[in-house]
Every structure is written in C-alpha cells, then in structure tokens.
Participant: 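Once you've had a glance at the structure underneath, I'll fire off some questions.
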Amino acid sequence: MHVRVQAEPFDFGAECGAFAAGRCDAGAVVSFAGIVRDRRGGGLEAMEIEHYPGMTERAIAGIAAEAVRRWSLADVLVIHRHGRLPPGEVIMMVATAAAHRAAAFAAAEFLMDYLKSRAPFWKKEIAADGAAWVAARDEDEAALSRW
Amino acid sequence: MHVRVQAEPFDFGAECGAFAAGRCDAGAVVSFAGIVRDRRGGGLEAMEIEHYPGMTERAIAGIAAEAVRRWSLADVLVIHRHGRLPPGEVIMMVATAAAHRAAAFAAAEFLMDYLKSRAPFWKKEIAADGAAWVAARDEDEAALSRW
Amino acid sequence: MIEVLYFAWVRERVGRPRERVETSAATVAGLVEELRARGEGHAAAFADTAALRVALDQDLAEFDAPLAGVREVAFFPPMTGG
Amino acid sequence: MIEVLYFAWVRERVGRPRERVETSAATVAGLVEELRARGEGHAAAFADTAALRVALDQDLAEFDAPLAGVREVAFFPPMTGG
C-alpha cells in the first residue's frame with residue numbers, strides 16, 4: 001500500500017508501468033487518473049488545490065486500508081497532488097492490483113468515491129476573470145452510499 | 001477510438017501516459033491491464049493466446065463502438081496481444097477518457113466484460129507438466145447481463 | 001463451398017485449422033451433422049455443441065442459423081480473452 | 001487552548017488559516033457560537049453550518065460532538081478531491 005501526497009508533478013504513465021511490472025500474483029491492474037479539466041472550454045488558467053497536511057495522509061491511508069479490508073488486493077497506490085496545476089495536468093491517480101478484474105475495478109472505484117468526498121482537498125478554479133471554489137457535487141456524496 | 005491486435009509486446013505505462021497526456025477535454029482516465037498470472041503459484045511457463053484474425057479486430061471495434069454509443073467518451077483505446085507470453089507480461093489493456101469518472105469506469109468495465117467473452121481469443125496455459133486450455137468462467141458470462 | 005475454421009481445442013481435436021466443405025446443409029446444425037461424420041476427430045470436436053460457439057462470416061451466430069450465402073463458418077469454444 | 005484551522009472559503013472568509021482559541025464550549029456547536037461572535041468574517045464563515053464540515057484531531061466529526069480532550073478543530077467546506 002503506497003500513499004503519496006505531494007506538490008511535485010508525477011509521471012502517470014511511469015507510475016502505471018511500474019505498478020503493473022512483473023506481477024505474477026495479480027492478473028488485473030486498474031488505474032485512474034484525475035486530470036485538470038477546463039470545464040468552460042478555454043479560459044481556465046489553473047486549478048489550485050488546497051489540502052489539510054496531516055489529515056490528508058491519514059484520511060487517504062484509512063480509505064486505502066478499508067479497500068484492502070474489503071477486497072483481496074495484491075497492491076494499492078494513491079498519489080494526490082496539491083498546489084497550482086495547469087489544465088491537462090494529472091491531479092491524482094489510484095491503481096489497484098488483484099487476481100481478478102472485478103475486485104480491481106471495485107476497489108479503484110471505491111477509492112475514488114471516498115477520496116472525492118472524504119479526503120481533505122479543495123479545488124479552486126483560477127481564470128482570467130476571477131477565481132471560484134469548485135462546489136461538491138451531490139452525486140459524489142450519493143456515490144458513497146453504494147459501498 | 002484506437003484498436004490494436006498484435007503479437008508484439010507493448011509498453012503499458014507508455015500507453016497510459018500517452019493516452020492521458022494533455023487532455024483538457026476529459027477529467028477522468030481509467031485504464032485496465034490484463035497480466036499473465038501464474039494461477040498455480042509457479043510452474044507456468046507461458047500463456048499461449050490464439051485468436052481469429054479478421055474477426056478479432058471486427059469484434060473489438062464493434063464492442064468499442066458500442067461503448068462510445070452508450071457513454072460520452074473523449075477517447076477509447078484497446079490493445080490485445082496474441083501468441084506466446086511469459087508470466088507477468090501484459091496481455092491486453094483498455095483505456096477510456098471521459099469528463100467524469102463514472103462514465104470512464106463504466107465504459108472500461110463494459111469493454112472488459114465484452115472482450116472477455118465476445119472477442120475471439122482463447123488462452124492456453126503451458127506448464128512443464130503439460131498444457132491446458134483455460135475454461136471460460138460462468139461469472140464472466142454472467143457479467144454481461146448487467147449491461 | 002464453405003470455408004470452415006476451427007480454433008483452440010476444436011482445432012486440436014479436428015486436427016486442422018480449416019477445411020473447405022461442400023455442403024447442402026440448410027443450417028449450422030445440419031453442417032455440424034455432416035462434419036461429425038467425417039471421422040473420429042470431428043466427432044470428438046462436435047460431441048457436445050453446447051460447449052461450442054459458432055461464427056458466420058465473422059459474426060457470432062446460433063446453431064439454428066441458416067447457411068444460405070455464408071462463405072466462412074468458424075467453430076470454437078467459449079472465448080477467454082481479456 | 002484549542003487550535004482552530006480553516007480551509008478553502010472558510011479560511012478566506014475568516015481571513016486567516018488558523019488561530020488559538022480559549023474556549024469552555026462543550027461541543028463543536030458551542031465553539032461555533034463563540035467563533036461567530038468574533039467578527040464579521042467569522043460570522044460570514046459560520047453563517048450556515050449545514051454547508052460546513054468539521055474535523056476533530058484530524059478525524060471527521062459531527063457538530064454535536066464533545067470537545068473534551070480535543071486539541072485541533074478544523075472547519076472547511078465539503079471536500080472536492082480526486
């Protein structure tokens with residue numbers, strides 16, 4: 001189980017490659033990348049990601065431990081950035097490895113649902129005409145009820 | 001929509017990186033890698049993957065087109081190898097990109113469920129003490145009914 | 001003339017990957033009856049058609065599907081891709 | 001003395017990321033009442049606690065949770081990670 005919270009960029013492809021490399025124990029690897037998306041179709045200068053140092057690592061580790069408890073996983077990786085990120089940049093990723101794909105997919109979705117709404121990060125969109133905090137989406141909160 | 005059926009190895013990490021790179025249109029990228037797993041915990045020499053040239057590409061393209069029809073996807077990638085693969089080697093991958101994670105996850109799972117049971121590939125496990133065709137799993141067939 | 005293809009253990013039992021077949025069968029099931037009569041290997045391959053899948057001109061089909069106009073028939077076990 | 005932390009727009013409205021608070025409040029809700037009285041910024045930040053989340057010593061909690069023994073209280077909007 002690997003959890004990293006960092007300001008520095010990371011190489012999503014390299015992380016996926018390293019995570020999947022030489023696994024004879026797991027037939028299935030699922031990865032997710034969250035990318036800074038320009039929802040307005042141009043005009044977004046950056047996404048500013050604030051976090052709660054200390055609680056962030058603690059919350060993510062707790063969510064990852066719960067995933068390991070629920071599914072038979074060979075490995076879990078979570079990386080989440082904070083600070084100022086330009087459009088197109090990878091904000092965060094999760095990866096899961098399991099014997100079968102159902103567990104790998106379910107665990108990755110579980111991790112994402114909980115990271116979205118239970119890990120202390122807040123996004124602010126910075127545009128030329130102003131800045132605005134991203135509002136939590138009702139469907140993100142609702143997604144937790146399925147687990 | 002990109003579909004590749006090939007005997008040659010491919011670099012799963014590099015494919016994930018290239019697929020996610022510079023996307024300002026999609027906030028979510030999901031990838032899956034299927035890896036040659038030694039189910040017996042040692043003794044597997046290789047996985048031999050037979051396919052039906054012509055029908056394979058046709059079936060995968062049809063499955064990918066159905067995914068694009070069902071979900072709003074910015075992009076889809078499917079790569080599937082055939083031939084003789086050692087344990088730990090990546091057999092195949094799918095990747096999906098969408099505005100939101102729910103569509104990216106659902107489309108990736110849909111692609112995997114259909115590729116498992118509707119694309120003409122057959123796996124044979126080659127071990128020192130003999131070779132055996134991998135039997136289709138009932139749960140793989142059952143997984144199709146959820147879509 | 002129809003091109004008949006075999007894959008995986010169906011190919012191994014029949015002993016060849018493909019053959020050209022002269023048939024007047026109206027359906028896949030009729031063709032299977034004719035193929036069974038070709039010898040022990042064929043009979044073993046087609047012993048239980050419930051364990052088999054069929055594709056007509058590279059599209060999955062049922063065993064009661066008509067053969068009219070079909071150029072390529074393939075028989076194989078349930079697929080195990082991914 | 002309790003360390004009180006603010007994040008995102010709560011921090012912006014209060015005008016600072018953290019402050020030390022002397023309190024005898026029994027619960028988070030009691031602390032919120034005291035904080036509201038600290039000025040306009042605080043009042044704006046705590047105008048609608050339904051829009052807020054609270055963590056006690058870095059674990060999510062409810063507003064009726066007791067404060068006894070707590071060293072660090074954080075207030076913030078619903079999280080938007082991932």
Side-chain angles (χ1 to χ4, degrees), chain A residues 10-42 44 47 74 86-102 104-106 108-113 115-116 123 137 139-140 142-143, chain B residues 10-42 44 47 74 86-102 104-106 108-113 115-116 123 137 139-140 142-143:
Chain A
F10 63 92
D11 184 331
F12 171 63
E15 296 291 345
C16 286
F19 188 81
R23 290 208 176 275
C24 299
D25 53 344
V29 165
V30 169
S31 80
F32 176 92
I35 297 171
V36 177
R37 184 167 68 98
D38 190 344
R39 296 189 296 170
R40 313 189 305 178
L44 182 73
M47 187 78 88
E89 195 109 335
V90 177
I91 303 170
M92 56 83 63
M93 72 170 287
V94 306
T96 56
H100 295 292
R101 72 187 187 288
F105 269 118
E109 289 198 73
F110 171 89
L111 288 168
M112 285 310 306
D113 283 355
L115 289 170
K116 272 272 171 196
K123 293 198 187 94
R137 303 190 315 156
E139 57 258 56
D140 283 335
Chain B
F10 64 90
D11 184 332
F12 170 62
E15 296 291 344
C16 286
F19 188 81
R23 289 209 177 275
C24 299
D25 53 343
V29 165
V30 170
S31 81
F32 176 92
I35 298 171
V36 177
R37 184 167 68 97
D38 189 346
R39 296 189 296 172
R40 315 189 305 178
L44 182 72
M47 187 78 87
E89 194 109 335
V90 177
I91 303 170
M92 57 82 64
M93 71 170 289
V94 306
T96 57
H100 295 293
R101 72 187 187 288
F105 270 117
E109 289 198 73
F110 171 89
L111 287 168
M112 285 309 305
D113 283 354
L115 288 170
K116 272 272 171 197
K123 293 198 187 94
R137 303 191 314 156
E139 56 259 57
D140 283 333

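If you're wondering where the values come from, they're calculated on a predicted model, not measured in any experiment. In what follows, chains are A, B, ... by sequence order, proteins preceding strands, each numbered from 1.
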Participant: Is it the backbone or the side chain of B:Ala26 that comes under 4.5 Å from a heavy atom of chain A, or both, or neither?
Facilitator: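 Contact with chain A: backbone only.
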Participant: Given a strict heavy-atom distance threshold of 4.5 Å, which part of B:Ala95 is in contact with chain A: side chain, backbone, both, or neither?
Facilitator: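 It is neither, since no heavy atom gets under 4.5 Å.
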Participant: State, to 0.1 Å, how close B:Ala108 and B:Val30 come at their nearest heavy-atom pair, and which atoms those are.
Facilitator: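 Scanning both residues completely, I find the closest heavy atoms to be CB-CG1, 3.7 Å.
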Participant: Quick one: sort the A:Phe32 and B:Phe105 rings into parallel, tilted or perpendicular, breaks at 30° and 60°.
Facilitator: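 It falls in the parallel class, under 30°.
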Participant: Please find the pair of heavy atoms, one from A:Val29 and one from B:Phe12, that lie closest to each other, and give the distance.
Facilitator: CG1-CE2, 4.5 Å
Participant: May I ask you to test the B:His100-A:Glu139 pair for a side-chain heavy-atom distance under 4.5 Å?
Facilitator: no
Participant: Below 4.5 Å, heavy-atom pairs only: which of A:Ala104, A:Ala14, A:Ala99, A:Pro87 has the largest tally toward chain B?
Facilitator: A:Ala99
Participant: Quick one, A:Cys16 and B:Glu15 - any side-chain contact, counting heavy atoms below 4.5 Å?
Facilitator: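 They are not in side-chain contact.
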Participant: Give the member of A:Gly34, A:Gly88, A:Ala21, A:Gly17 that has the highest number of heavy-atom pairs under 4.5 Å with chain B.
Facilitator: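 The option with the most such pairs is A:Gly88.
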Participant: Among A:Asp38, A:Ile91, A:Leu44, A:Val36, who wins on heavy-atom pairs under 4.5 Å with chain B?
Facilitator: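 With the most close heavy-atom pairs to chain B, the winner is A:Asp38.
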Participant: Between A:Asp113 and chain B, which part of the residue has a heavy atom less than 4.5 Å away: side chain, backbone, both or neither?
Facilitator: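 The answer is both parts of A:Asp113.
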Participant: Answer yes or no: is there a side-chain heavy-atom contact under 4.5 Å between B:Arg37 and B:Ile35?
Facilitator: no
Participant: Which one, B:Cys24, B:Ala33, B:Ser31, B:Ala143, leads in non-hydrogen pairs under 4.5 Å with chain A?
Facilitator: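 Result: the option with the highest number of such pairs is B:Ser31.
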